[in-house]
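Structure first, commentary second.
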Amino acid sequence: MSAIIIRGGRPLSGSLTVQGAKNSVLPILAATLLSGEVCRIRHCPRLRDVETAMEILRHLGCRADWQGRDLLVDAADLTRWDVPDHLMSRMRSSVVFLGAILARCGQAEMTYPGGCELGARPIDLHLAALRSMGAAIQETGGRLVCRRERLTGTEIVLSLPSVGATENAMLAACGAEGTTVIANAAREPEIVDLQTFLQKMGAHVQGAGSSTVVVEGGAPLHGCVHTVVADRIVAATYLAAAAGTGGDIRLEGVDYRHLSAVATMLRQAGCRLTCGETSIRLQAPRRLQSAGPIRTAPYPGFPTDAQAVLMASLLRSEGATVFVENIFDSRYRHVPEMVRMGADIRLEGRVAVVCGVDRLHGAAVRAKELRGGASLVLAGLQAEGETAVTGVEHIQRGYEDLTGELAQLGADIRQEER
């Protein structure tokens, strides 16, 4: 069993280049199925979820191999259209392969996806979007069997701006006849990155970043070279780590505009942020002030994925900060572990009130999901004594080398087998 061991009390300092975005590269890897040629993905992070996506591509008959820091995918010869349960169950975003496989092969079979247990995340919006384009989908015993004679462009109005449903609809629409209009689309930067990739392959897609995405289907697609956008949640994690420890760090290769909501709260807490075209510098006071209230919301609101790490940064702040989780039902699973370290957090449904304490103490804690796991590492950076975080496999789904990069910034941290 792996554990991350931290001895807290050191302010972070130095600079890092932020890894490629997990939530961007996964739909891009699904999109490679549409080209039938070789695609080179640059700045691709080496993550557990990326390895799972590569296994799905290989199962379908593609070649997917690392070449240095680049990932090459050759989707010329698809031999299957099904994704087995043992691969689907590893990550939630595996469902994004549904639209791409259906567009390329005319049929697709898979089970319901897995991933972190954050409460109900139904895929009904995905299925409704595909059905509106002409797909026949049967749901039996937790398995999806999809067929289509042809996909036809249409207007899709999402009841919620779901990132995954927007991506699935975009991918399927590239293989449809006519024009598809996706209304109330998700506006996340990762949607824009997917659009850029599709445009490089020759697809006619526009509007990403706004609430309306338009796809003119049927364009011949080809291979391309694409560099993945920086991971804004990883960037938020390192900013929060520096803020909580009274540090001074600089992040390179990141678009500060993607972090506006997080930056606003960090400034409220007393941090100084200096933003360049592709960099952010954070200088933190010795002790943060309370901020907020912090309400999670779809982009450009405060991201649910950054809620846990910002909470960790405020555990020793002066005053009380209110968090309201509006996206997922079970996004406070890290809170009981933080309380074991001496944090004062009061929960009531979707609301968490963080009352700053003078000090935290090290403890043995367990990561139960990806971002909550990272937040426990951040709490350990501030705690007196030794903190041991297990459940490291969750953290590795989204962070290429959290331990190594924090050590590079001066943290006393290591990973060991126990």
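Below, all heavy atoms of this structure are taken into account, side chains as well, without hydrogens, waters or symmetry copies.
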*How far apart are the C-alpha atoms of Q195 and Q206, what are their side-chain angles, what is the distance that settles it, and do they pass the side-chain hydrogen bond (donor to acceptor under 3.5 Å, both in side chains) test?*
CA-CA 7 Å; Q195 172 180 274; Q206 60 183 352; over 6 Å; no

*Do other residues, nucleotides or ligands put more than 12 heavy atoms under 6.0 Å from the CZ atom of R131?*
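Count over threshold, so yes.
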
_Looking at R287, I want to see if its CZ is surrounded by more than 12 non-hydrogen atoms of other residues, nucleotides or ligands under 6.0 Å._
yes

_Applying side-chain hydrogen bond (donor to acceptor under 3.5 Å, both in side chains) to S2 and E417, what does each step give before you reach the verdict?_
CA-CA 4 Å; S2 294; E417 295 300 318; 2.5 Å; yes

Can you tell me how far apart [atom1] ([X]) and [atom2] ([Y]) are? Round to the nearest 0.5 Å.
{"X": "L98", "Y": "L127", "atom1": "CG", "atom2": "CG", "answer": "7.0 Å"}
{"X": "L409", "Y": "S15", "atom1": "CG", "atom2": "OG", "answer": "8.0 Å"}
{"X": "L16", "Y": "L251", "atom1": "CG", "atom2": "CG", "answer": "6.5 Å"}
{"X": "L12", "Y": "I413", "atom1": "CG", "atom2": "CD1", "answer": "9.5 Å"}
{"X": "L221", "Y": "H204", "atom1": "CG", "atom2": "NE2", "answer": "9.0 Å"}
{"X": "T321", "Y": "E318", "atom1": "OG1", "atom2": "CD", "answer": "11.5 Å"}

Can you see which heavy atom on [X] is nearest to which on [Y], and at what distance?
{"X": "E252", "Y": "S279", "result": "OE1-CB, 3.5 Å"}
{"X": "V309", "Y": "A306", "result": "CG2-O, 3.3 Å"}
{"X": "I345", "Y": "A352", "result": "CG2-CB, 4.3 Å"}
{"X": "V83", "Y": "H59", "result": "CA-CD2, 4.4 Å"}
{"X": "C146", "Y": "L102", "result": "CB-CD1, 4.0 Å"}
{"X": "Q199", "Y": "V205", "result": "NE2-O, 2.7 Å"}

What I want to check is whether the side chains of [X] and [Y] have a donor and an acceptor closer together than 3.5 Å.
{"X": "H334", "Y": "Q307", "answer": "yes"}
{"X": "Q67", "Y": "R40", "answer": "yes"}
{"X": "E325", "Y": "T296", "answer": "yes"}

*With a 4.0 Å cut-off, would you call R48 and E55 a salt bridge?*
no

For [Y], does its backbone N or O pair with a side-chain atom of [X] as donor and acceptor, under 3.5 Å?
{"X": "H43", "Y": "T227", "answer": "no"}
{"X": "E188", "Y": "Y299", "answer": "yes"}
{"X": "E337", "Y": "R366", "answer": "yes"}
{"X": "N168", "Y": "G99", "answer": "yes"}
{"X": "T387", "Y": "A383", "answer": "no"}
{"X": "R187", "Y": "S210", "answer": "no"}
{"X": "S132", "Y": "A129", "answer": "yes"}
{"X": "R340", "Y": "A364", "answer": "yes"}
{"X": "H258", "Y": "R232", "answer": "no"}
{"X": "R58", "Y": "A64", "answer": "yes"}

*Could you walk me through whether K200 and E37 pass the salt bridge (charged side-chain N to carboxylate O under 4.0 Å, His left out) test, one step at a time?*
CA-CA 13 Å; K200 288 181 178 179; E37 295 183 6; over 6 Å; no

*Testing L57, L26, L171 for side-chain contact (heavy atoms from CB on, under 4.5 Å) with F97, which one passes?*
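In the set L57, L26, L171, the residue that makes a side-chain contact (heavy atoms from CB on, under 4.5 Å) with F97 is L57.
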
Are the side chains of [X] and [Y] in touch, meaning some heavy atoms are under 4.5 Å apart?
{"X": "V322", "Y": "R295", "value": "no"}
{"X": "I4", "Y": "I395", "value": "yes"}
{"X": "M110", "Y": "D82", "value": "no"}
{"X": "M88", "Y": "S94", "value": "yes"}
{"X": "L314", "Y": "I294", "value": "yes"}
{"X": "L315", "Y": "V354", "value": "yes"}
{"X": "M311", "Y": "L378", "value": "no"}
{"X": "L160", "Y": "L125", "value": "yes"}

*Decide yes or no on side-chain hydrogen bond (donor to acceptor under 3.5 Å, both in side chains) for Q19 and R46, but give the supporting numbers first.*
CA-CA 9 Å; Q19 69 182 58; R46 288 180 178 261; over 6 Å; no

*Applying salt bridge (charged side-chain N to carboxylate O under 4.0 Å, His left out), run through R414 and E416 and close with a yes or a no.*
CA-CA 7 Å; R414 68 186 188 279; E416 64 179 37; 3.2 Å; yes

*Only counting residues at least two apart or in another chain, list the ones meeting side-chain hydrogen bond (donor to acceptor under 3.5 Å, both in side chains) with D255.*
R257

*Going through the checks in order, is the salt bridge (charged side-chain N to carboxylate O under 4.0 Å, His left out) test met by E190 and K22?*
CA-CA 9 Å; E190 295 78 18; K22 174 181 84 80; over 6 Å; no

_Pair H226-D193, side-chain hydrogen bond (donor to acceptor under 3.5 Å, both in side chains): steps then yes or no_ = CA-CA 9 Å; H226 179 72; D193 204 27; 2.9 Å; yes

*Does the salt bridge (charged side-chain N to carboxylate O under 4.0 Å, His left out) test come out yes or no for R272 and D248, once each step is laid out?*
CA-CA 9 Å; R272 179 182 178 186; D248 180 352; over 6 Å; no

Which atom pairs, one a donor and one an acceptor, fall under 3.5 Å between side chains of residues 235-242 and the rest of the protein, sequence neighbours left out?
{"unit_1": "T237", "atom_1": "OG1", "unit_2": "I233", "atom_2": "O", "d": "2.8"}
{"unit_1": "T237", "atom_1": "OG1", "unit_2": "Y399", "atom_2": "OH", "d": "2.6"}
{"unit_1": "Y238", "atom_1": "OH", "unit_2": "E405", "atom_2": "OE1", "d": "2.6"}

*Could you go step by step and tell me if V377 and L406 meet the side-chain contact (heavy atoms from CB on, under 4.5 Å) rule?*
CA-CA 10 Å; V377 174; L406 288 173; 3.7 Å; yes

*Residue pair D412, I6: steps toward the side-chain contact (heavy atoms from CB on, under 4.5 Å) verdict*: CA-CA 6 Å; D412 185 348; I6 312 121; 6.0 Å; no

*Does the pair L310 and F302 meet the rule for a side-chain contact (heavy atoms from CB on, under 4.5 Å), with working shown?*
CA-CA 11 Å; L310 195 67; F302 190 91; 3.6 Å; yes

